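Notes for the one structure printed next.
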Number of protein chains: 2
Amino acid sequence: MNSRHMPSRKSAAAGARSRGRPPGSDPVLSRDRVLDVAVRLVEKLGVDGLSMRKLAAELGVDSMSLYNHVANKDALLDGIAERLVLSIEIPERTGDLRNDLMALANAFRAAAVRRPQAVSLLLTRELRSFAGGLASAEAALAILAEAGLDPDKAVHAFRTAFAFLVGTVLREVSVGPTFSGQNLGDLAHRRAELESAGMPFVAAASPHLAVIDHMVEFDFGLSLLIAGLENYVSGGGSRRI
Amino acid sequence: MNSRHMPSRKSAAAGARSRGRPPGSDPVLSRDRVLDVAVRLVEKLGVDGLSMRKLAAELGVDSMSLYNHVANKDALLDGIAERLVLSIEIPERTGDLRNDLMALANAFRAAAVRRPQAVSLLLTRELRSFAGGLASAEAALAILAEAGLDPDKAVHAFRTAFAFLVGTVLREVSVGPTFSGQNLGDLAHRRAELESAGMPFVAAASPHLAVIDHMVEFDFGLSLLIAGLENYVSGGGSRRI
DNA sequence: ACCTGAACACCGTTCAAGT
DNA sequence: ACCTGAACACCGTTCAAGT
């Protein structure tokens, strides 16, 4: 039913498939199209399931054609990561430290959780192209500066919040040591066992370790950090931080 | 110089290499030995550089022999991760929240940084065998409980601190989006450029973004968290956390 | 400039065969 | 019980060849 079966004027000779790109036609691929499909494939197959060959097949193209648009697989993965950073929808500022930091962190989390398979690429590899992250950094530093932090303190606070975010999101997309979920679900049923194993505090906490609400944990941690910051700001920087 | 050169009574026939395990001798491999060498190899070649075949070669053994001691490569990586958790040297408690939390976090960080290549395996994959982590969890929960937190609050605080630790250590072993180091080193030289690009706060902070002292960042973030916790504890849990 | 195809040097893992 | 070797179905990437 396709062109292979009806002899075309151009490749009339024999049944030989044409080799180069169809002359005169638009390019079949573009970096954007490659990355689009790559992201979709990662979500479908997981990061480990992505291969240059499968991606090429999905695009209906020879695998080596990809190398015209990305330097190699590593650059492809970097490209996916950058897509994620750029998909963060940075909210407007209101001038309130707590509000604004919460909103920005939520925007980050939302962008990450939207692509749960791909997100480990963002959190886990060094961003070579840093451009994408600058807008988020600007937003965070603006909030912290407006709250009264000096640039150096703002950078520290930014890095602290960001580290917390990375760890939290990693847990949520459930790579990373969870201390949560299924490997702890049975903990609640083994309190006696844990007590006698010399783990009284784990035993006492086991009902709470056995469940996790990611949104609650997110809010709790961020609140703790912000409380620390407010404390610091209102203390005029005199507290021992 | 080894037994291959002196004709043994048992494999006398021809120069044919023996195929099975030398009869009567001790097993060549053990799960421990496999994991020992695997860790060493990861540190030498990076996680991506580790393969079942290279590991087998390093052990002087056919690659398929490894499967007698680990289920598959995934289980091998899990084994390496568990080694890391178990290598955390949990410090004695003193009864002071700040002291004890700092000491425990430092012990975690120290164990991680000791194996910078392997550590991403610990932070990044779900710990199937949870046993290793229990001792650390017990230590953390004990500290928090002694400071007066209810089990449910202690679990929240534990998860917050752990998320921060994961993010911080990931940055230090420099997988993960750094907002630091070399991709920012040149930022300091481009303030004017950043200003005109609509990034005044990044511009103002660029001298501080361009450098990072991991120990300082670690202390700052942890102090912020602990300040939030102390605040919470002394407020009798009435603060809005 | 862009796409193709064969080839190379790797992978993890199954399975049958050894001892 | 444990180790081996061939084989299978994959990889990423180089390089020469097409248009």
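Labels below follow one simple rule: chain letters A, B, ... track the order of the sequence lines, proteins then strands, and each chain is numbered from 1. Keep in mind it's a predicted model, so treat the numbers as computed, not measured.
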For [X] and [N], what is the distance between atoms [atom1] and [atom2] respectively, to the nearest whole Å?
X: B:Arg53; N: D:dC10; atom1: CZ; atom2: C1'; answer: 11 Å
X: A:Asn72; N: D:dT13; atom1: CG; atom2: P; answer: 5 Å
X: B:Leu76; N: C:dT13; atom1: CG; atom2: P; answer: 10 Å
X: A:Lys73; N: C:dC11; atom1: NZ; atom2: P; answer: 15 Å
X: A:Asp62; N: D:dA17; atom1: CG; atom2: P; answer: 17 Å
X: B:Asp48; N: D:dG12; atom1: CG; atom2: P; answer: 12 Å
X: A:Leu59; N: C:dC2; atom1: CG; atom2: P; answer: 16 Å
X: A:Leu45; N: D:dC10; atom1: CG; atom2: C1'; answer: 14 Å

Using a heavy-atom cut-off of 4.0 Å across all strands, would you classify B:Ser51 as base, sugar-phosphate, or nothing? sugar-phosphate

Name the nucleic acid region contacted by A:Met64, choosing base, sugar-phosphate or nothing; use a 4.0 angstrom heavy-atom cut-off, strictly under. base

Measure from the side chain of [X], starting at C-beta and using heavy atoms only, and say which of [options] lies closest.
X: A:Tyr67; options: C:dG12, D:dT13, C:dC3; value: D:dT13
X: B:Ser65; options: C:dC11, C:dG5, D:dT4; value: D:dT4
X: A:Met52; options: D:dA7, D:dG12, D:dC11; value: D:dG12

May I ask which nucleotide in the shown strands pairs with C:dT14, Watson-Crick or G-U wobble, both distances under 3.5 Å? D:dA6

Paired to D:dT19 by Watson-Crick or G-U wobble criteria (both distances under 3.5 Å) is C:dA1

N/O (side chain, [X]) to phosphate O (OP1/OP2, [N]) under 4.0 Å:
X: A:His69; N: C:dC2; value: no
X: A:Lys54; N: D:dC11; value: yes
X: B:Asn68; N: D:dC3; value: yes

Between atom CG of B:Leu66 and atom CG of B:Asn72, what is the distance when rounded to the nearest 0.5 Å? 11.5 Å

Student check: side-chain heavy atoms of A:Leu122 and A:Val169 closer than 4.5 Å: no

Would a distance-only check, ignoring hydrogens and angles, find a side-chain to backbone donor-acceptor pair under 3.5 Å from [X] to [Y]?
X: A:Ser196; Y: A:Glu193; answer: yes
X: B:Arg159; Y: A:Leu209; answer: yes
X: A:Glu43; Y: A:Ala118; answer: yes

